[in-house]
Amino acid sequence: MSIRKDHKTGKWKVDLQLKRGAKRYRRTYDTKAECNQFVNFIKGQTQLKNKEFIEKEDKRLLSEIIDIWYQGRGQELADGERTRNVLDSMVAFIGDIQARRMTVSRFNEYKAIKRSNKMGKADNQRTVSDKTLNNHLGYLRAVYNYLIEIDEIHYQNPLEKAKKIKLQERELAYLTKRQINTLLTEIRASCNNPHVLLITKLCLATGARWGEVESRTMTHLQNGCMVYSQTKGKKVRSIPINQKLYREVEAHFERYGEFTSSLCSFDRALKRSNIRLPRGQSSHVLRHTFASHFMMNGGNIIVLQRILGHADISMTMRYAKFDPTHFQEAINLNPLSGMDDEAEETIEVMEEITI
C-alpha cells in the first residue's frame with residue numbers, strides 16, 4: 001500500500017492491495033485524510049466479508065478439508081497416503097463434523113477414548129500409545145495450518161491450543177555383539193525366506209531402515225556403496241559397504257532376484273532368539289544398533305547424521321551418549337572430585353603433628 005502526493009496536480013493518490021494476488025484499489029483524493037478513510041473502509045469491508053464467510057458460508061466438513069489438504073500437500077509427502085488413512089480413521093471416529101466446529105475438547109474426548117480402548121489379541125492387548133496420539137494431533141493440526149496458509153480457510157486453527165501429551169524419553173535399545181550373533185544364527189537356522197539374512201546384515205552395516213533396504217535392487221549397488229533413494233527424508237544416501245558384503249549382495253540378486261516382503265519372517269526369528277526389546281521395536285533396533293555401535297567406536301556425530309539421513313541433528317544427538325567421551329567431565333568436575341586426595345593430605349598432616 002502506498003499513499004503519496006502528485007506534485008504536478010496537488011492531488012493525493014492511494015494504491016492499495018491487501019495481499020499478493022488480491023484485487024488492487026487505486027483512488028485519487030484532494031487530501032491525505034480522505035485516502036486514509038478509503039483504506040480503512042476497504043479493510044473494514046474485507047474483515048466483514050471474512051467474518052460472514054466464516055459464520056455463514058464455510059460449512060465444509062472435516063473430510064472435505066482433508067481432501068483439499070491431500071490434493072495440495074499430502075500426496076507430495078513420503079508417507080502421505082498413510083497419513084491420509086489415519087485422518088480418515090479419525091473422521092470416522094470423531095464424526096464428519098463441520099471443520100470449523102472442531103474443538104480442543106472434542107479432540108481430547110477422542111484422545112481419552114483411544115487411550116482406554118484395548119486392541120490386539122486377548123493374550124497381547126494394548127492401548128494406543130501416547131506418541132501415536134501426539135502424531136494424530138499433529139496430522140490434523142497440519143491440515144488446518146496448510147489451508148490457512150493458502151487462504152482456503154479464514155478462521156483460526158481450532159486445534160492451535162491443543163496440548164501434546166508429555167512423553168517419557170525411552171531408552172534406546174540396541175543389540176550387543178553377542179545378541180547380533182545370536183540373531184543371525186537363528187535367521188540362518190530357521191528362516192525359509194532367503195532374503196531375511198541379507199536384509200538384516202545390510203541394516204546393521206548401513207543403518208538404513210528395513211523398508212529402505214527391502215526396496216533395493218541391483219541398480220542401487222554402485223561403486224562399493226548401497227544407494228538409498230526414495231527415502232523418508234527424500235534425500236539420496238550412498239553408504240559404503242565392505243567388499244565381502246558387496247559381493248554377497250551381487251550374488252544374492254543374481255540367484256534370488258529382488259527382495260520381497262520379509263519383515264514378518266524377521267519378527268518371528270527375533271522372537272525365537274529370545275531377545276527382548278521395548279514395545280514397538282522390532283526391525284528398527286537394527287538401525288539403533290548401527291548408530292549406537294558407530295558412536296561407541298568413536299564415530300563423528302555429524303557423519304552419523306548424514307548416514308542416517310536425519311534432517312534435524314537433534315534426532316541424531318540421542319546417540320551422543322554412546323560416545324566414550326560423552327559427559328566425561330562429570331568425573332573431574334563434580335563436587336566430590338579431589339576430596340579423597342584432600343582427606344588423605346589432612347590425615348598425613350595430623351599424623352606428623354602427632355609424632
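Being a predicted model, the structure only gives us computed values, none of them experimental. In this chain, residues are counted from 1 in sequence order.
Side-chain N or O atoms of N181 include none that pairs as donor or acceptor with a backbone N or O of K177 at under 3.5 Å. Of the possible polar contacts, one joining the N300 side chain to the V303 backbone as a donor-acceptor pair under 3.5 Å is found. D96 places a side-chain N or O within donor-acceptor distance of the main-chain N or O of S63, the cut-off being under 3.5 Å. Here the side chain of R287 pairs a donor or acceptor atom with the backbone of L308 at under 3.5 angstrom. Side chain of E186 to backbone of T182: no donor-acceptor contact under 3.5 angstrom is found. Not a single donor-acceptor pair under 3.5 Å links the side chain of S190 to the backbone N or O of I187. A donor-acceptor pair under 3.5 Å links the side-chain atoms of N134 to the main chain of I165, judged by distance alone.
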*Working for side chain to side chain contact (heavy atoms under 4.5 Å, CB included), residues L183 and I180*: CA-CA 5 Å; L183 177 60; I180 293 171; 5.8 Å; no
_Set out, in order, the CA-CA distance, both residues' side-chain angles and the distance that settles side chain to side chain contact (heavy atoms under 4.5 Å, CB included) for R115 and K111, then state yes or no._
CA-CA 6 Å; R115 293 183 82 181; K111 185 169 62 175; 4.2 Å; yes
*I would like to know whether E149 and N145 meet side chain to side chain contact (heavy atoms under 4.5 Å, CB included); could you show each step before the answer?*
CA-CA 6 Å; E149 182 182 344; N145 284 340; over 6 Å; no
*Run the salt bridge (charged side-chain N to carboxylate O under 4.0 Å, His left out) check on K166 and D130 step by step: do they pass?*
CA-CA 8 Å; K166 190 169 184 179; D130 289 346; over 6 Å; no
*asked:* Quick one, M90 with I66, criterion side chain to side chain contact (heavy atoms under 4.5 Å, CB included). Give me CA distance, side-chain angles, the key distance, then yes/no.
replied: CA-CA 11 Å; M90 292 175 67; I66 289 170; over 6 Å; no
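A salt bridge links R60 with D58: the distance from a Lys NZ or Arg NE/NH1/NH2 to an Asp or Glu carboxylate oxygen falls below 4.0 Å. A salt bridge is defined here as a Lys NZ or Arg NE, NH1 or NH2 lying under 4.0 Å from an Asp or Glu carboxylate O, and D88 with R84 meets this definition.
By the 30° and 60° cut-offs, the orientation of the rings of H288 relative to Y319 is tilted.
Heavy atoms only, all atoms of each residue included: S282 and L270 are closest at CA-CD2, 4.0 Å. Minimum heavy-atom separation, H293 to T176: NE2-CA, 4.3 Å. Of all non-hydrogen atoms in N223 and Y246, the two that sit nearest each other are N-OH, 3.6 Å. Across A162 and L137, no two heavy atoms sit closer than the pair CB-CD1, 3.8 Å. Minimum interatomic distance between R272 and C191 (heavy atoms only, all atoms of both residues): NH2-SG, 4.0 Å. For the residue pair V213 and Y228, the shortest heavy atom distance occurs at CG2-OH, 3.5 Å.
Put simply, the side chain of S229 reaches to within 4.5 Å of the side chain of R216, judged on heavy atoms. Using a 4.5 Å cut-off on side-chain heavy atoms (C-beta onward), L140 and L87 make contact. You'll find the side chain of M102 reaches within 4.5 Å of the side chain of I94, heavy atoms only. Between N135 and Y139, some side-chain heavy-atom pair lies under the 4.5 Å cut-off. Annotation: side chain of V91 is not in contact with side chain of L61 (no heavy-atom distance under 4.5 Å). Annotation: side chain of V143 is not in contact with side chain of Y70 (no heavy-atom distance under 4.5 Å).
Every side chain to side chain contact (heavy atoms under 4.5 Å, CB included) that T103 has, sequence neighbours left out, goes to S105, R106. E76 pairs by the salt bridge (charged side-chain N to carboxylate O under 4.0 Å, His left out) definition with R73, not counting sequence neighbours.
The ring of F107 has its center closer than 6.0 angstrom to the ring center of Y110.
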Just distance, no hydrogens or angles: give the donor-acceptor pairs under 3.5 Å from side chains in residues 255-266, sequence neighbours left out.
residue, atom, partner, partner atom, Å
S262, OG, N193, ND2, 3.2
S262, OG, T260, O, 2.6

